[in-house]
There are 2 protein chains.
Amino acid sequence: MSENKVTIADVAREAGVSKGLVSFALNDRPGVSAESRVRILEIAERLGWTPSLRARSLSTRRSFALGLVIARDPEVLGSDPFFPSFIAGVETVLAPQGLALVLSVVPDETTEMRTYRALVSDGRVDGVFLSDLRHNDPRIPLLQELGLPAVTLGRPDTKSPFPCISVDDTPGVAETVRYLVSLGHRRIAHVAGSPALLHGSRRRAAFDTALREAGLPAGQSIETDFSVAAGADAARRLLTQDSPPTAIVFANDPMAIAGLGVAHELGLRVPDDVSITGFDDIDFTRYVYPALTTVRTAPSDWGRAAGRTLLDLMEHGTAPDVDLPAGRLVIRGSAGTPVRP
Amino acid sequence: MSENKVTIADVAREAGVSKGLVSFALNDRPGVSAESRVRILEIAERLGWTPSLRARSLSTRRSFALGLVIARDPEVLGSDPFFPSFIAGVETVLAPQGLALVLSVVPDETTEMRTYRALVSDGRVDGVFLSDLRHNDPRIPLLQELGLPAVTLGRPDTKSPFPCISVDDTPGVAETVRYLVSLGHRRIAHVAGSPALLHGSRRRAAFDTALREAGLPAGQSIETDFSVAAGADAARRLLTQDSPPTAIVFANDPMAIAGLGVAHELGLRVPDDVSITGFDDIDFTRYVYPALTTVRTAPSDWGRAAGRTLLDLMEHGTAPDVDLPAGRLVIRGSAGTPVRP
DNA sequence: CACGTTGTCTGAACCGGTTTAGGCCAACCT
DNA sequence: AGGTTGGCCTAAACCGGTTCAGACAACGTG
């Protein structure tokens, strides 16, 4: 009762033509007279015909679905609103095309590679989004070998046949550092993300560069896995040492928020005793105290751009890279003039 | 090159038997001699045969995929780690079965209903998870009409043909209120979630009941949409009135964290001037200051249970409801003895 | 008038599985 | 011996589309 009952054969019989002609008319391809076309369409409409995705899949060898495989520690995944927003953005372009999004959340990299292979050998998706790019990312040659169209979220550090959607984190980090320096900070530390992830190491490199350009000595950096817990640990280490930094630049907002908590817990005032900045401008930032100074990024724009580019790629076999506007610093209360520089 | 080239016909030819027999052997069904079976399996193995999902889909009228449609304001979605964890839990049971998860994030309820219809008429999924249950939820009759198997996340307030996976929020809320009362609180307010959502209104009802059972007069309640922003607004309204509450029970953690921020901003000490509790025990709770006293829930357990139940339902046509253990109060620093009761 | 040309349409093969009707043969029963 | 049963297997239909070779008629052209 629920499944679509009327097939192309029903339409053909009703219209007194062959299946093939109906198919041509429905996909408006040449070789059908104007009268036949409207008559067939009219009959299909009247009979309530809808295409069978499964039949179409079998004969066209396409699945009309796109894939996203997320290999993140569930803890990190939960505190980071990137993916929900990204997916919402992707959907806005997939839904109108009748495409579905197949999502896999996997625990580790081995499973991740296996998942891509399975998606391909099942013919489950026609293309994938590659996120959380890593150094020398093994997924790029894998997907190339598998012949699966893909777009990368971020610019890979190796040769890649796939279009990429990227946003330069450097200006945001640089702007943050310049702002802190302008407030009088000289001992600025960085709580970096995972060095294995490109956006982790790039933000860190941007931080180092920014300090150098400000004429300051290299600052302290602590590597983390981007998790809230790791952010808290890093903040505690930085703030409990002798002559702690007067400002800490966190590589993402969840860690920065944990940093705020640690500062409070240690009896430090923010921003008087220590300034704190984040990255991403997640919703929480506005409502913690003090509100977090951070760099605004737009994950749902990424999603839209990535979706459009992947469609382009699948349709034309090629698609240009997209550079999204760099994030700008959003100034709130968590960074200020140090009372004891 | 990527697509699976070897078909069941190749195996049949190589084995010198018919397609049908190969199919029987591969699905180990009766009617195949032991020798033939091992020979066919051996040959399929040697040839590297893998089933074509698409062909199987067409002939069995199944899609080997399950659906999840999320209709939430992106803002609320982003700050709430429920779905990432839930999905991770679901995956642990789907992946071993070779099932995929099709995810839709839609902006509103109208689109949501349309999405379900599309999923069914495309035959895109074999079953769905129904989350964020609403009062008199229109999706239940819709799915019933569409004949799509489903499990509900939470117990519906109307007659439902579907198994449900539920957890009783009442004990957690009750425990929270009793704890606050035991600390000496008498003016306890509630920042409720959306009254349209069952878990929103149930937590609120549990709150009212708990106060009554403690012999206290009805407390103040403010309805919200579960968003961080709404939580902050509610907290501000509660705390800036004459004789504000000494404790606020928030219906979820993101709002509670926003509440902490508002309290700080108003110059109130937590928990001395106002105690704050949350619900869900998201990762942030441990790392804000003071750490949030909240009720622990386990979204990935929900995911696992929901996945198993949906598989059961699809296989046997029926599946029992599952009651997950109620969340327990996790005591941290954000609630304490009121200094001015 | 014979000859392409063009436009419209049909029939059948095809995608790669599942499923059913029925054939054949050996074993068993009376 | 003849009839029944059951195990093993094949051929063909089927799921519902797409696609291609070719039939046929109308048309213009030299």
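Every chain is numbered from 1, with letters handed out A, B, ... down the list of sequences.
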Could you state the CG-P distance from B/Asp122 to D/dG16, rounded to the nearest angstrom? 14 Å
To the side chain of A/Trp49, which of D/dG17, C/dG16, D/dT10 is closest? D/dG17
Do any side-chain nitrogens or oxygens of B/Arg54 fall under 4.0 Å of OP1 or OP2 in C/dG17? no
Is any side-chain nitrogen or oxygen of B/Arg37 closer than 4.0 Å to OP1 or OP2 of D/dC8? no
Looking across every strand, which nucleic acid part, if any, lies under 4.0 Å from A/Arg62 by heavy atom: base, sugar-phosphate, or nothing? nothing
Which part of the nucleic acid does B/Ser57 contact within heavy-atom distance under 4.0 Å: base, sugar-phosphate only, or nothing? nothing
Side-chain N,O (B/Ser36) to OP1/OP2 (D/dC8) below 4.0 Å: no
Among C/dC15, C/dG17, C/dT10, which nucleotide sits nearest the side chain of A/Leu21? C/dT10
Round to a whole Å and report the spacing from CG of B/Leu58 to C1' of D/dC15. 4 Å
Just checking A/Ser23: base, sugar-phosphate only, or nothing, at a heavy-atom cut-off of under 4.0 Å? base
Please tell me which of the listed nucleotides, D/dC15, C/dG17, D/dG17, lies nearest to the side chain of A/Ser59? D/dG17
Electrostatic pair B/Arg72:B/Glu112 at N-O distance under 4.0 angstrom: no
Considering only NZ, NE, NH1 and NH2 on the basic side and carboxylate oxygens on the acidic side, decide whether A/Glu14 and A/Arg39 come within less than 4.0 Å. no
Mind checking if A/Arg29 touches a base, just sugar-phosphate, or nothing, with heavy atoms under 4.0 Å? sugar-phosphate
Name the closest nucleotide to the A/Asn27 side chain, picking from C/dT10, C/dG17, D/dT18. D/dT18
Taking DNA chain D as the partner, which of residues 8-16 of chain A come within under 4.0 angstrom of it by heavy atom? A/Ile8
Minimum-distance nucleotide (side-chain atoms of A/Thr7 versus C/dT10, D/dT18, D/dG17): D/dG17
Round to the nearest Å and state the distance from B/Lys5 atom NZ to C/dG16 atom P. 7 Å
Distance (rounded to the nearest 0.5 Å) between A/Ser52 OG and B/Leu58 CG: 6.0 Å
Contact under 4.0 Å: B/Arg56 side-chain N or O vs C/dG16 OP1/OP2: no
Rounded to whole Å, the CG-P distance (B/Leu53 to C/dC15) equals 18 Å
Quick one: pull up CG in B/Leu148 and CZ in B/Arg139 and give me the separation to the nearest 0.5 Å. 12.5 Å
About how many Å separate OG of A/Ser85 and CH2 of A/Trp302, when rounded to the nearest 0.5 Å? 12.5 Å
Answer yes or no: is there a donor N or O on one side and an acceptor on the other, between the side chain of A/Ser166 and the main chain of A/Asp323, under 3.5 Å? no
Look at the side-chain N and O atoms of A/Ser18 and state whether any lies under 4.0 Å from the OP1 or OP2 oxygen of C/dT10. yes
From B/Asp126 atom CG to B/Leu313 atom CG, the distance as rounded to the nearest 0.5 Å: 11.5 Å
Looking at A/Thr110, is its backbone amide N or carbonyl O close enough to the side chain of A/Asp108 to form a donor-acceptor pair, meaning the two atoms are under 3.5 Å apart? yes
Does A/Lys19 make a side-chain donor-acceptor contact with the base of D/dG16, cut-off 3.5 Å? no
Does B/Thr60 make a side-chain N or O approach to OP1 or OP2 of D/dC15 shorter than 4.0 Å? no
So which nucleotide from C/dT20, C/dG16, D/dT19 ends up closest to the side chain of A/Phe24? D/dT19
Nucleotide C/dT8, atom P - distance to CG of A/Asp28 in whole Å: 14 Å
